[in-house]
Protein chains: 2
Amino acid sequence: MNKKLEHKLKDNSIKPTAMRLLVLKFLTEQNKAVSLQDIELAFERADKSTLFRTLKTFESSKIIHSIEDGTGHLKYALCLEGCNCSPIDLHYHFHCNVCKETFCLTELNVPTIELPKNFEMQQANMVIKGICGTCK
Amino acid sequence: MNKKLEHKLKDNSIKPTAMRLLVLKFLTEQNKAVSLQDIELAFERADKSTLFRTLKTFESSKIIHSIEDGTGHLKYALCLEGCNCSPIDLHYHFHCNVCKETFCLTELNVPTIELPKNFEMQQANMVIKGICGTCK
DNA sequence: TAAATTGATGCAAGTGAGTTGCAAAGTTTA
DNA sequence: TAAACTTTGCAACTCACTTGCATCAATTTA
Ligand SMILES: [Mn+2]
Ligand SMILES: [Mn+2]
Ligand SMILES: [Zn+2]
Ligand SMILES: [Zn+2]
């Protein structure tokens with residue numbers, strides 16, 4: 001397991017420090033998107049800015065992606081294997097108005113959306129809000 | 001023109017003060033979503049908190065809707081006539097990575113998205129990012 | 001091995017959009 | 001007119017995020 005995480009980082013030219021491995025492991029264990037604060041709470045010994053920079057490092061290597069779910073807390077979640085964060089890789093997200101959790105709906109990819117003439121899609125932030133299955 | 005704006009407010013039980021009419025007029029003239037700051041710049045004599053509360057008032061009456069475009073500046077745009085901000089009224093938004101403008105793509109409504117069992121959609125924040133026609 | 005380089009981490013302070021409390025000004029109602 | 005209510009302006013605050021910089025650790029070079 002840890003070997004696998006270590007490789008994931010090395011493959012992206014990220015030095016697999018203890019902290020980074022812990023954060024990556026934590027992210028792997030979630031079934032929801034988490035905020036910087038969630039991670040701070042999980043690792044009280046670590047500094048916020050270290051965690052922040054860890055997330056930014058992971059994000060720019062496309063190990064994780066971020067979601068603006070409208071809560072004011074940017075959320076992060078693991079990318080799927082082979083994800084390049086290009087339009088073809090994109091999925092919708094769901095934010096529950098009750099439990100306030102944000103989930104990746106990775107089952108369904110974002111379809112091609114007809115844009116006005118000459119518009120080019122590069123990324124997207126798609127968030128559906130409502131009530132999740134657990135809170136229903 | 002002004003009469004029409006005045007009625008729009010009255011119809012929503014909002015007292016049509018001078019400031020509110022000016023803000024509504026400004027919003028009507030835009031072909032893009034604007035931030036609180038944009039409005040502050042347009043009305044330097046008005047106070048930020050007044051403008052802020054004006055926008056919140058308009059939003060809760062569904063005269064305007066807001067868009068989290070990922071810039072950290074919440075954007076506002078007029079709702080279409082008869083909009084109830086329900087799933088059926090929703091449209092995508094486009095944020096240009098070059099000119100940093102955010103547009104409502106009102107031509108195309110958000111389709112029904114297949115959600116996991118028991119999930120219920122209530123609102124959505126759909127933002128496509130890329131390059132707009134002007135910047136292309 | 002020792003020194004030098006490179007990069008990661010921790011701490012503290014800063015940034016900035018958004019938000020709120022409260023008093024003053026303006027408007028409506030009795 | 002006086003009381004009641006609403007809107008506005010000002011100042012201060014919140015809070016997530018971000019940055020500068022010193023320190024520490026790991027790696028490379030001499
Ligand atoms: Mn996701
Ligand atoms: Mn819109
Ligand atoms: Zn829920
Ligand atoms: Zn543009």
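Convention: sequence-line order gives letters A, B, ...; per-chain numbering from 1.
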Inset, instruction - Look at the side chain of A:S49 and the base of C:dC11, then say whether one donor and one acceptor between them are separated by less than 3.5 Å. - result: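 When only heavy-atom distances are counted, A:S49 does reach the base of C:dC11 through a donor-acceptor pair under 3.5 Å.
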Inset, instruction - Can you check whether any acceptor in the base of C:dG10 is under 3.5 Å from a donor in the side chain of A:R53, or vice versa? - result: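 Donor-acceptor pair under 3.5 Å: yes.
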Give the rounded distance in Å between these two atoms: [atom1] of [X] and [atom2] of [N].
X	N	atom1	atom2	value
A:L41	D:dA16	CG	C1'	14 Å
A:K48	C:dA13	NZ	P	13 Å
B:K75	C:dG18	NZ	P	10 Å
B:F52	D:dT7	CZ	C1'	15 Å
A:E68	C:dA17	CD	P	14 Å
B:L51	D:dC10	CG	C1'	14 Å
B:M19	C:dG26	CE	C1'	15 Å
B:K56	D:dT7	NZ	P	17 Å

Inset, instruction - Would you please confirm or rule out a distance under 4.0 Å between OP1 or OP2 of C:dA8 and any side-chain N or O of A:R20? - result: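 Checking C:dA8 against A:R20, a side-chain N or O does come within under 4.0 Å of OP1 or OP2.
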Inset, instruction - Ignoring backbone atoms, test whether B:T17 places a side-chain nitrogen or oxygen under 4.0 Å from the OP1 or OP2 oxygen of D:dT7. - result: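 For D:dT7, OP1/OP2 do not have a side-chain N/O of B:T17 under 4.0 Å.
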Inset, instruction - Side chain of A:D47 only, please: which of C:dC11, D:dT18, C:dT19 is the nearest? - result: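 Nearest to the side chain of A:D47 among the choices is C:dC11.
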Inset, instruction - Report the nucleotide, chosen from C:dC11, D:dG9, C:dA17, that has the shortest atom-to-atom distance to any side-chain atom of B:H73. - result: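 It is C:dA17.
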Inset, instruction - List the atom of B:K75, the atom of B:S35, and the distance in Å for their closest heavy-atom pair. - result: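 Closest approach of B:K75 to B:S35: CD-N, 3.8 Å.
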Inset, instruction - Report yes if the side chains of B:V127 and B:Y92 come closer than 4.5 Å at any heavy-atom pair, otherwise no. - result: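 Of all side-chain heavy-atom pairs linking B:Y92 with B:V127, none is under 4.5 Å.
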Legend entry - Along DNA chain C (nearest heavy atom to each residue), the more 5'-positioned of B:Q37 and B:K15: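 Between the two, 5'-proximity favours B:Q37.
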Legend entry - Which residue lies more 5' along DNA chain C, comparing B:Y76 with A:R45 via nearest heavy atoms: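 Upstream on the strand: A:R45.
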Legend entry - Residue A:E114 excluded, over 12 heavy atoms near CD under 6.0 Å: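 No, because the 6.0 Å sphere around CD of A:E114 holds 12 heavy atoms or fewer from other groups.
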Legend entry - B:I14 backbone acceptor or donor facing B:N12 side chain under 3.5 Å: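 It does not hold such a pair.
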Legend entry - Ring geometry between B:H93 and B:H65 (parallel below 30°, tilted from 30 to 60°, perpendicular above 60°):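 Tilted: the ring planes of B:H65 and B:H93 meet at 30° to 60°.
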